[in-house]
Amino acid sequence: MPNGGILPPPGTYFDSTTYFYNARIGGGRSTQLGGNVIADAKVNLVADFVTGLWVVPTPILGGNVAFGLVLPFGEPAVQAGVLLNGPLINQALGRPVGASVRDATFNAGDPILSSSIGWHAGNWHWKLASALSIPAGAYEPGQLSNVALNRYVGDFSAGLSYLDPTLGMDLSVVAGLTLNGRNPATRYETGDEFHLDVSATKYLTRELSVGVIASHYQQITGDSGTGARLGPFKGRVTAVGGTIGLTVPVGEIPVSARVKVLREVEVENRFQGTIGFLQVSFPLGVPPTPSSEPRSLAARP
């Protein structure tokens, strides 16, 4: 995504990213949520990811090092036209039957710890990052509406950005690998996943930018475990869209806002719909931003 290879200068930052997802899986196709097998389902998810980021003042290995903590929370609204099997049926009736069900619960997700290291050389910026999702959220076993995943998730990624301040162009690519653990409540182990994000952004002014973005997700190993009633169920999603960013001063603090919207255009074994992000970030304490860089970079965790 924009600035995907760039770490901000040393300092402390706050970021709030609200995630919107409206999608469905129709055509008689089935999927699993919370151990339940459902079909003809719709999801309308609004979740917020609150992030604190500390970029260490002392360079390490010639680069900037950062540590972060992400706290997610939200309310997924899931409606299944057909509930085929799983805890919601079995708890009530003791046997699988066809049924329709809706679930919407506000809950906290699993906390995420992150670390990254980034380097700069002229217009080139690159970084390595890792994140660990810890199953400590408010997971409700057997329910459809959960922000928490109730499993350990490790993600490792590399980002590269070419930022030309003279032309006001940012070209970025981020590739990563996600390693999924087992959900003990559902006895379901999600397969490992590869993800790739690319973007091209033009700064119309020092404060305003627009761009195009694309994302690809590919599950590289199948789902497993005794709870995987649909077998390996390997998924794939490709999405394309656009973004607009704006930085405005609030007193002495540069506050950056960015909107991203993507449409999933090619999907296998997953919901298909529209993704939206609203990101607001600002520094809590940083040194002055070099005048050669767009000011929005200094406020982006």
Side-chain angles (χ1 to χ4, degrees), residues 1-15 17 51 53 55-57 59-66 68 114-129 156-176 195-216 238-250 252-263 275-283 285-301:
M1 292 302 181
N3 307 330
I6 300 175
L7 270 183
T12 306
Y13 300 83
F14 172 85
D15 178 275
T17 298
T51 302
L53 184 74
V55 183
V56 179
I60 299 177
L61 299 177
N64 299 115
V65 173
S114 69
S115 63
S116 53
I117 180 170
W119 297 269
H120 315 276
N123 292 342
W124 292 95
H125 310 264
W126 62 99
K127 72 177 182 181
L128 300 175
F156 305 90
S157 63
L160 175 66
S161 291
Y162 177 79
L163 174 64
D164 188 326
T166 303
L167 297 177
M169 286 295 302
D170 167 47
L171 305 176
S172 293
V173 57
V174 179
H195 55 89
L196 177 69
D197 300 290
V198 296
S199 66
T201 308
K202 170 65 176 176
Y203 283 87
L204 304 178
T205 68
R206 292 176 62 86
E207 294 80 18
L208 179 66
S209 65
V210 296
V212 293
I213 52 180
S215 179
H216 180 74
T238 299
V240 295
T243 179
I244 181 169
L246 178 66
T247 299
V248 295
V250 178
E252 297 296 322
I253 300 176
V255 177
S256 296
R258 178 168 294 280
V259 174
K260 294 179 284 189
V261 178
L262 298 102
R263 177 65 184 176
I275 308 167
F277 298 89
L278 172 60
Q279 180 184 28
V280 177
S281 56
F282 54 86
V286 296
T289 306
S291 59
S292 60
E293 295 185 3
R295 280 179 284 175
S296 59
L297 299 185
R300 184 189 183 278

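Count residues from 1 along the sequence. Owing to the predicted nature of the structure, the values given are computational and were not obtained by experimental measurement.
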Does Leu53 form a side chain to side chain contact (heavy atoms under 4.5 Å, CB included) with Asp15? I'd like the steps, not just the answer. CA-CA 8 Å; Leu53 184 74; Asp15 178 275; over 6 Å; no
Next item on the list: For the pair Val174 and Met1, evaluate side chain to side chain contact (heavy atoms under 4.5 Å, CB included) and give the outcome as yes or no after the intermediate values.
Entry: CA-CA 7 Å; Val174 179; Met1 292 302 181; over 6 Å; no
Could you check Asn123 against Leu163 for side chain to side chain contact (heavy atoms under 4.5 Å, CB included), going step by step and ending with a plain yes or no? CA-CA 5 Å; Asn123 292 342; Leu163 174 64; 5.5 Å; no
Assess the residue pair Val198 and Val212 against the criterion (side chain to side chain contact (heavy atoms under 4.5 Å, CB included)); give the C-alpha distance rounded to whole Å, side-chain angles, the decisive distance to 0.1 Å, and a yes or no. CA-CA 9 Å; Val198 296; Val212 293; over 6 Å; no
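Taken from OG1 in Thr12 to CZ in Phe282, the straight-line distance is 11.5 Å, to the nearest 0.5 Å. Once rounded to the nearest 0.5 Å, the distance linking CE of Met169 with CG of Asp164 reads 9.0 Å. The line from CD1 of Ile6 to NE2 of His120 is 8.0 Å long, rounded to the nearest 0.5 Å. Taken to the nearest 0.5 Å, the OG atom of Ser116 stands 9.0 Å off from the CG atom of Leu128.
Between the side chains of Ser199 and Asp197, not a single donor N or O lies within less than 3.5 Å of an accepting N or O. Counted by atom type alone, Arg258 and Ser281 present zero donor-acceptor pairs between their side chains at under 3.5 Å. Looking at Asn3 and His125, their side chains never bring a donor and an acceptor atom within 3.5 Å of each other.
The minimum heavy-atom distance linking Gly4 with Ser161 is given by the pair N-OG, 3.3 Å. In this structure, Pro8 and Val55 approach most closely via the heavy-atom pair O-CG1, 3.7 Å. Residue Pro57 comes nearest to Pro10 through the heavy atom pair CA-CB, 3.7 Å, listed as atom of the first residue, atom of the second, then distance. Residue Leu7 comes nearest to Ala66 through the heavy atom pair CD2-CB, 4.1 Å, listed as atom of the first residue, atom of the second, then distance. Scanning both residues, Val250 and Val255, for their nearest heavy atoms gives CG2-CG2, 3.6 Å. Closest approach of Thr243 and Pro2 over heavy atoms only: CG2-CG, 4.0 Å.
Within 6.0 Å of CG in Leu204 there are more than 12 heavy atoms belonging to other residues, nucleotides or ligands.
Taking the side chain as every heavy atom from C-beta outward, Leu171 and Leu160 never approach each other to under 4.5 Å. Counting only heavy atoms from C-beta outward, the side chains of Thr51 and Thr17 never approach each other to under 4.5 Å.
No side-chain donor-acceptor contact under 3.5 Å links Trp119 to the backbone of Trp124. Side chain of Lys202 to backbone of Leu167: a donor-acceptor contact under 3.5 angstrom is found.
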